[in-house]
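FYI, the numbering just counts along the sequence from 1.
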Amino acid sequence: QVQLVESGGGLVQAGGSLRLSCAASGRTFSIYGLGWFRQAPGKEREFVTAISTAGSIYSADSVKGRFSISRDNAKNTVYLQMNSLKPVDTAVYYCAARSTGRWIPSRLDDYDYWGQGTQVTVSS
């Protein structure tokens with residue numbers, strides 16, 4: 001199995017930047033597709049962005065041009081670089097992993113492992 005631990009969340013002013021990290025332990029990291037999701041108070045968990053084992057990137061329209069995902073297989077870590085943050089980005093951010101294969105990156109149920117989340121708060 002894979003265990004995921006997010007870090008890097010915190011409080012940031014609107015327009016600022018933040019980088020989240022998700023460190024994995026367990027099976028070989030390179031075989032997993034990786035995604036970031038977020039959940040704001042009173043809302044459903046929603047897709048943010050994902051990266052495949054081949055490096056293909058998928059992003060929600062709400063974060064395109066502002067957020068970027070990257071992976072470092074040697075460090076068993078996936079990152080979420082968040083720029084131009086807005087108050088609406090405030091949420092608990094979760095990283096997730098799935099085994100390789102055909103998938104829909106934005107579909108929560110396609111992921112096998114989840115971290116516990118890290119809080120991101122964007123003040124106005």
Item to complete: Sequence neighbours left out, what pairs pass salt bridge (charged side-chain N to carboxylate O under 4.0 Å, His left out) with at least one residue falling in residues 30-58?
Response: Arg38-Glu46, Arg38-Asp89
Fill in: Results of side chain to side chain contact (heavy atoms under 4.5 Å, CB included) for Ser84 - residues two or more places apart only
Arg66
Discussion item. Could you measure the distance from the CG atom of Leu80 to the OG atom of Ser68? Nearest 0.5 Å is fine.
Written reply: 7.0 Å
Item to complete: Output every pair passing salt bridge (charged side-chain N to carboxylate O under 4.0 Å, His left out) with a member in residues 8-25, not counting sequence neighbours, ordered by first then second residue.
Response: none
Worksheet item: What residue pairs, at least two apart or across chains, pass ring-ring contact (aromatic ring centres under 6.0 Å, His included) with a residue in residues 39-66?
Response: Phe37-Phe47
Practice prompt. Identify whether Leu4 and Val92 are in the same connected component of the hydrophobic contact network (ILVMFWY, side-chain heavy atoms under 4.5 Å).
Written response: no
Worksheet item: By side chain to side chain donor-acceptor pair (under 3.5 Å), which residues pair with Ser21, not counting sequence neighbours?
Response: none
Worksheet item: Okay, side chain of Asp72, backbone of Thr77: is any donor-acceptor separation there less than 3.5 Å?
Response: no
Worksheet item: Would you say the ring centroid of Trp36 lies under 6.0 angstrom from that of Phe67?
Response: no
Discussion item. Walk me through whether Leu20 and Tyr79 qualify under side-chain contact (heavy atoms from CB on, under 4.5 Å).
Written reply: CA-CA 6 Å; Leu20 306 183; Tyr79 303 95; over 6 Å; no
Item to complete: If a pair satisfies disulfide (SG to SG under 2.5 Å) and one of its residues is in residues 19-124, list it, with sequence neighbours excluded.
Response: Cys22-Cys95
Worksheet item: So do the side chains of Tyr94 and Gln39 get within less than 4.5 Å of each other, counting heavy atoms only?
Response: yes
Practice prompt. Would you mind listing every salt bridge (charged side-chain N to carboxylate O under 4.0 Å, His left out) that reaches into residues 112-124, with sequence neighbours excluded?
Written response: none
Item to complete: Check the pair Arg98 / Tyr32 against side-chain contact (heavy atoms from CB on, under 4.5 Å), numbers first and verdict last.
Response: CA-CA 5 Å; Arg98 78 175 306 276; Tyr32 297 101; 5.7 Å; no
Discussion item. Has Tyr111 got a side-chain atom pairing as donor or acceptor with Pro105's backbone, closer than 3.5 angstrom?
Written reply: yes
Worksheet item: Cluster question for you: counting only ILVMFWY and a side-chain heavy-atom cut-off of under 4.5 Å, with indirect links fine, are Leu108 and Val78 together?
Response: no
Could you go through residues 117-124 and list every donor-acceptor pair under 3.5 Å that involves a side-chain atom there, pairing it with any protein atom two or more places apart or in another chain?
unit_1 : atom_1 : unit_2 : atom_2 : d
Thr118 : OG1    : Gly9   : N      : 3.2
Gln119 : NE2    : Ala91  : O      : 3.4
Gln119 : NE2    : Thr121 : OG1    : 3.3

Worksheet item: Do Ile31 and Ile51 share a hydrophobic cluster, counting only Ile, Leu, Val, Met, Phe, Trp and Tyr and linking them when any side-chain heavy atoms are less than 4.5 Å apart?
Response: yes
Worksheet, complete the sentence: Rounding to 0.5 Å, atoms CG (Leu34) and CD1 (Ile57) come to a distance of 11.5 Å
Worksheet item: Counting N and O atoms only, with roles assigned by atom type, does the side chain of Ser56 sit under 3.5 Å from a partner on the main chain of Ala54, one being a donor and the other an acceptor?
Response: no
Worksheet entry | Results of ring pair (Phe, Tyr, Trp, His ring centres under 6.0 Å) for Tyr93 - residues two or more places apart only | none
Worksheet entry | side chain to side chain donor-acceptor pair (under 3.5 Å) involving Asp61 - partner list, sequence neighbours excluded | Lys64
Worksheet item: Any side-chain hydrogen bond (donor to acceptor under 3.5 Å, both in side chains) pairs touching residues 7-17, not counting sequence neighbours?
Response: Ser17-Asn83
Worksheet item: Looking only at atom types and distance, does a side-chain atom of Ser59 sit under 3.5 Å from a main-chain N or O of Val63, one as donor and one as acceptor?
Response: no
Item to complete: Using side chain to side chain donor-acceptor pair (under 3.5 Å) as the criterion, list what pairs up with Arg71, not counting sequence neighbours.
Response: Asn73
